[in-house]
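Below is one structure; the comments refer to it alone.
In the text below, chain A, chain B and the rest are named by the order of the sequence lines, each starting its count at 1.
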Protein chains: 2
Amino acid sequence: MTDLPPPSQALRRCIARLGLTETTAINWAVLEQALIHSSVSPIHNNEFLEFLGDSVLRLAAAEFLRERYPDATVGELSALRSHLVSDRTLTALADHLGLEPFLQIAPSAAGDLAARDSRLADVVEAILAALYLSRGNLSLVRPWLDPHLDRLAEQLRQDPARQNYKAALQELTQAHCKALPDYRTTEVNPVHGDARRFQAEVWFQERCWGKGQGRSIKLAQQQAAQVAYQAMQNAFNPDPGNDAKTP
Amino acid sequence: MTDLPPPSQALRRCIARLGLTETTAINWAVLEQALIHSSVSPIHNNEFLEFLGDSVLRLAAAEFLRERYPDATVGELSALRSHLVSDRTLTALADHLGLEPFLQIAPSAAGDLAARDSRLADVVEAILAALYLSRGNLSLVRPWLDPHLDRLAEQLRQDPARQNYKAALQELTQAHCKALPDYRTTEVNPVHGDARRFQAEVWFQERCWGKGQGRSIKLAQQQAAQVAYQAMQNAFNPDPGNDAKTP
């Protein structure tokens with residue numbers, strides 16, 4: 001691998017951010033291509049890498065989950081994997097790593113805030129493809145990805161709502177009161193892509209249990225549902241310690 | 001790999017059917033597990049291999065398609081891949097290879113003919129996982145799989161209906177007459193899983209253009225649509241040679 005060109009100055013900062021080292025045998029040219037949005041070049045961009053990286057991620061996640069949870073059923077592994085490979089999880093990972101400043105993107109495309117989450121998820125998949133292609137196997141991917149998958153999978157397993165608070169809240173209110181919560185959503189700032197464009201409230205039994213904001217109705221309602229879910233769990237189970245003592 | 005146990009007598013016939021040789025360094029125990037349906041053992045079966053093999057297949061197909069069609073867009077590759085990894089394609093591959101007699105399955109489960117296609121598709125995915133796990137990369141998968149992908153991808157590219165004749169027929173009638181065909185479907189033999197259970201006819205402009213049969217309404221209609229599609233193409237373009245000469 002010594003005949004590969006060294007990383008550029010710009011790429012070095014990204015490499016450090018990813019937690020990789022410059023002495024690792026990585027095809028730096030491919031890694032650099034993983035950071036190029038299609039608005040910069042119609043040919044030399046990360047589209048194919050994202051396409052390939054999607055399956056690299058699914059394969060690595062399948063291997064990881066089997067090793068990490070050897071007693072789980074395939075159904076459980078499959079449910080966990082579908083969360084781990086979702087755009088939502090990948091965008092959160094890109095934000096966790098602070099990848100956004102390293103994406104080469106045309107200003108016009110960067111202004112499309114509604115597409116931000118999806119293009120950051122694509123960058124993570126493209127980086128995984130670059131790591132895979134550097135070796136032709138998962139020997140670079142797994143050591144880099146596993147700690148992130150471990151953290152994310154544990155969050156999912158400890159979170160009964162599995163990041164879908166609207167569904168979880170619905171289950172909760174139906175189980176306790178056989179009724180559904182009511183969402184009241186308004187557009188407060190009609191700017192496409194604005195993170196505070198929509199505001200949602202969750203009402204149940206004549207009380208507002210949570211409020212949320214988001215660039216879409218769905219995001220605002222999910223945020224409101226998360227607040228309401230936690231508030232309602234506390235209301236239904238005020239002291240779980242006492243429950244444990246009940247015979 | 002010489003410390004791995006040799007293949008059993010039963011597995012040898014399957015190996016020959018797959019076009020592999022006994023001198024290839026394959027983990028035969030894992031390949032044998034790929035042929036065990038969950039009805040035979042709740043633990044030692046092919047469920048996890050199928051789960052892993054799904055992503056092995058997607059990865060191998062992405063690599064193959066990029067090499068085979070270097071000028072295609074990622075959108076085109078993505079559309080081709082979604083057909084190649086579909087249950088329909090995998091079942092056809094399992095039938096092409098004659099894998100069904102090698103599946104170890106409980107008689108009660110084997111009687112569920114409606115699930116036949118899906119479990120044969122699962123076997124192909126599980127075999128791909130076994131080949132992948134034997135080496136930890138695609139070096140056994142690609143040489144075995146590529147000729148099949150090549151044949152299947154070429155079939156898809158030469159087939160304008162891309163195996164979905166209902167959609168293709170709808171496009172054809174709308175383009176020529178701005179109207180939709182009518183499907184008349186009846187259950188002729190109410191036996192679950194019977195290949196002639198449903199009969200479908202495609203009617204358009206007071207004429208029946210095609211008939212089909214199948215174990216589901218969908219399959220019967222697809223078969224009828226395929227017949228109708230070919231008949232209608234001939235009717236709309238009776239002699240393509242003449243069209244070519246038109247300036």
Hey, what donor-acceptor pairs show up under 3.5 Å between chain A and chain B?
{"from": "A:Asp54", "atom 1": "OD2", "to": "B:Arg58", "atom 2": "NH2", "distance (Å)": "2.9"}
{"from": "A:Asp54", "atom 1": "OD2", "to": "B:Arg81", "atom 2": "NH2", "distance (Å)": "3.3"}
{"from": "A:Ser55", "atom 1": "OG", "to": "B:Arg81", "atom 2": "NH1", "distance (Å)": "3.3"}
{"from": "A:Arg58", "atom 1": "NH2", "to": "B:Asp54", "atom 2": "OD2", "distance (Å)": "2.9"}
{"from": "A:Glu63", "atom 1": "OE2", "to": "B:Tyr132", "atom 2": "OH", "distance (Å)": "2.7"}
{"from": "A:Arg81", "atom 1": "NH1", "to": "B:Ser55", "atom 2": "OG", "distance (Å)": "3.3"}
{"from": "A:Arg81", "atom 1": "NH2", "to": "B:Asp54", "atom 2": "OD2", "distance (Å)": "3.3"}
{"from": "A:Tyr132", "atom 1": "OH", "to": "B:Glu63", "atom 2": "OE2", "distance (Å)": "2.7"}

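Neither the backbone nor the side chain of B:Leu57 comes within contact range of chain A; no heavy atoms are under 4.5 Å apart.
The ring pair (Phe, Tyr, Trp, His ring centres under 6.0 Å) pairs that include a residue from residues 107-128 of chain B number zero, where partners must be two or more places apart or lie in different chains.
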